[in-house]
2 protein chains.
Amino acid sequence: MTKRATWQREAVRDALSTSEGFVSAQSLYGALRESGSPIGLATVYRALSDLAVGGDADSLQQEGESLYRACTPGSHHHHLICRNCGLTVEIEADAVEAWAASVAADHGFTQPSHVVDVFGLCAACQRLG
Amino acid sequence: MTKRATWQREAVRDALSTSEGFVSAQSLYGALRESGSPIGLATVYRALSDLAVGGDADSLQQEGESLYRACTPGSHHHHLICRNCGLTVEIEADAVEAWAASVAADHGFTQPSHVVDVFGLCAACQRLG
DNA sequence: CCTGCTATTGATAATCATTCTCAGCACGTG
DNA sequence: CACGTGCTGAGAATGATTATCAATAGCAGG
Ligand SMILES: [Zn+2]
Ligand SMILES: [Zn+2]
Ligand SMILES: [Zn+2]
Ligand SMILES: [Zn+2]
């Protein structure tokens, strides 16, 4: 018997999918409490971790904290992220995948994985100066 | 009057350059104390931060902590890192640089930057199975 | 070689995100 | 509906990093 369904897990999943870009566990917890949910902080951390492991969310580390985002399940992709407002665009690039794999192989490394993120200022944030 | 020269900063620079791969501030501090240096922990953190800002060291976040490595100054490059022993190989890939820049531009993002790291198991660590 | 100004240092406390603990609760099966 | 076990959450614990702040030590001038 593994992974029971609880309203807490669904609440986290929903809150995550209504976010535009990447959010931290802390801010997601804050948003949930704001909206009246009595969910606990530890539970938010556990739910996000589970979503990431299960492939329903992507995560990245920024300034010492983990950020999460609901992503199209089952597809490997990367992100273009506005470093001001967090707006995120999913990116697919087979060329980069192939490059990463060949770089590892060329140096005798096995079980390759990679971290690829592109940051910038989105059009909207540029206008705000 | 900025950035005075102290033996502490040099000690950190030296310790970093004698390390094979990426190391944490904590472990570098430990190594320095092991070798008899009376340097303080806060100073190690400050020195590493300065080196990274000055372009003499690269850093990456792994499992919630910052890792540092002495790198060839002034040259933009990425890393292939053994996730077991930390062995690191510097890699240059103009194709990836161009890809990152064009992806940002295509979506109207300016001031692009990127994080690209490849991980794997090095030949030596594979044998240890 | 002295002097003064000020950046730097380091022991310690303070932050902050994340994880652990564990008693009480609730999902899902029968 | 009853039971067994996974799940929850308040609070403590952990661990990395940063802030404090008095004492120290580069370094430019004289
Ligand atoms: Zn933006
Ligand atoms: Zn990829
Ligand atoms: Zn290795
Ligand atoms: Zn690059």
Side-chain angles (χ1 to χ4, degrees), chain A residues 1-16 19 21-54 56-69 81 83 86 115 117, chain B residues 1-16 19 21-54 56-69 81 83 86 115 117:
Chain A
M1 308 297 128
T2 47
K3 290 287 172 270
R4 291 179 183 173
T6 64
W7 65 264
Q8 286 95 334
R9 270 201 245 277
E10 272 314 297
V12 170
R13 185 189 295 271
D14 289 349
L16 195 62
S19 297
F22 281 84
V23 291
S24 68
Q26 297 282 350
S27 65
L28 200 66
Y29 170 70
L32 283 163
R33 297 303 289 242
E34 282 286 312
S35 70
S37 173
I39 196 170
L41 177 59
T43 302
V44 173
Y45 272 99
R46 283 185 289 241
L48 287 174
S49 176
D50 287 347
L51 286 172
V53 169
D56 293 322
D58 281 354
S59 69
L60 63 86
Q61 327 290 120
Q62 193 174 57
E63 293 165 25
E65 69 179 351
S66 291
L67 303 183
Y68 296 86
R69 177 171 186 273
I81 305 154
R83 68 171 72 88
V115 174
D117 295 301
Chain B
M1 320 315 141
T2 47
K3 287 285 169 279
R4 291 176 182 172
T6 65
W7 64 263
Q8 287 95 334
R9 269 200 248 275
E10 273 313 300
V12 169
R13 185 189 295 272
D14 289 348
L16 195 61
S19 297
F22 282 84
V23 290
S24 67
Q26 298 282 350
S27 66
L28 200 65
Y29 169 70
L32 282 164
R33 297 302 291 243
E34 281 286 313
S35 70
S37 172
I39 196 170
L41 176 61
T43 302
V44 173
Y45 272 99
R46 283 186 289 242
L48 286 175
S49 175
D50 287 348
L51 287 171
V53 169
D56 293 322
D58 281 353
S59 68
L60 62 87
Q61 330 289 123
Q62 194 173 55
E63 293 165 24
E65 70 180 350
S66 290
L67 303 183
Y68 296 86
R69 176 169 187 273
I81 305 153
R83 71 177 129 253
V115 174
D117 294 301

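We name chains A, B, ... by the order of the sequence lines, and we start the count at 1 in each one.
- Taking side-chain N and O atoms only, A:T6 has a distance below 4.0 Å to OP1 or OP2 of D:dT8.
- B:S66 comes within 4.0 angstrom of sugar-phosphate atoms only, judged by non-hydrogen atoms across all strands, and of no base.
- Positionally, the nearest nucleotide of DNA chain D for B:G64 lies more toward the 5' end than for the other of B:A5 and B:G64.
- Dashed line: the shortest gap from a side-chain N or O of A:Y45 to OP1 or OP2 of C:dT19 is not under 4.0 Å.
- Residue A:Q26 is in base contact, counting any heavy-atom pair closer than 4.0 Å across all strands shown.
- Close to D:dG9, at under 4.0 Å from its OP1 or OP2, lies a side-chain N or O of A:Q8.
- The side chain of A:A42 approaches D:dG11 more closely than any other nucleotide in the set D:dT17, D:dG11, C:dT18.
- The side chain of B:R46 lies closest to C:dT9, out of C:dA17, D:dG9, C:dT9.
- Of the candidate nucleotides D:dT17, C:dG28, C:dT9, C:dG28 has the atom nearest to the side chain of A:R4.
- Inter-residue side-chain proximity for A:Q26 and A:V44 is flagged as unmet; no heavy-atom pair is nearer than 4.5 Å.
- The interatomic distance linking A:E63 (CD) with C:dT18 (C1') rounds to 17 Å, in whole Å.
- To the nearest 0.5 Å, the span separating CG on B:D50 from CZ on B:R9 amounts to 5.0 Å.
- When the C1' atom of D:dT17 is taken as reference, atom CD of A:Q61 falls 15 Å away, rounded to whole Å.
- B:Y29 places its OH atom 16 Å from the P atom of D:dG15, with the value rounded to the nearest Å.
- Nearest-nucleotide positions on DNA chain D for A:R9 and B:Y68 put A:R9 closer to the 5' end.
- By the 4.5 Å heavy-atom criterion applied to side chains, B:T43 and B:R46 are counted as neighbours.
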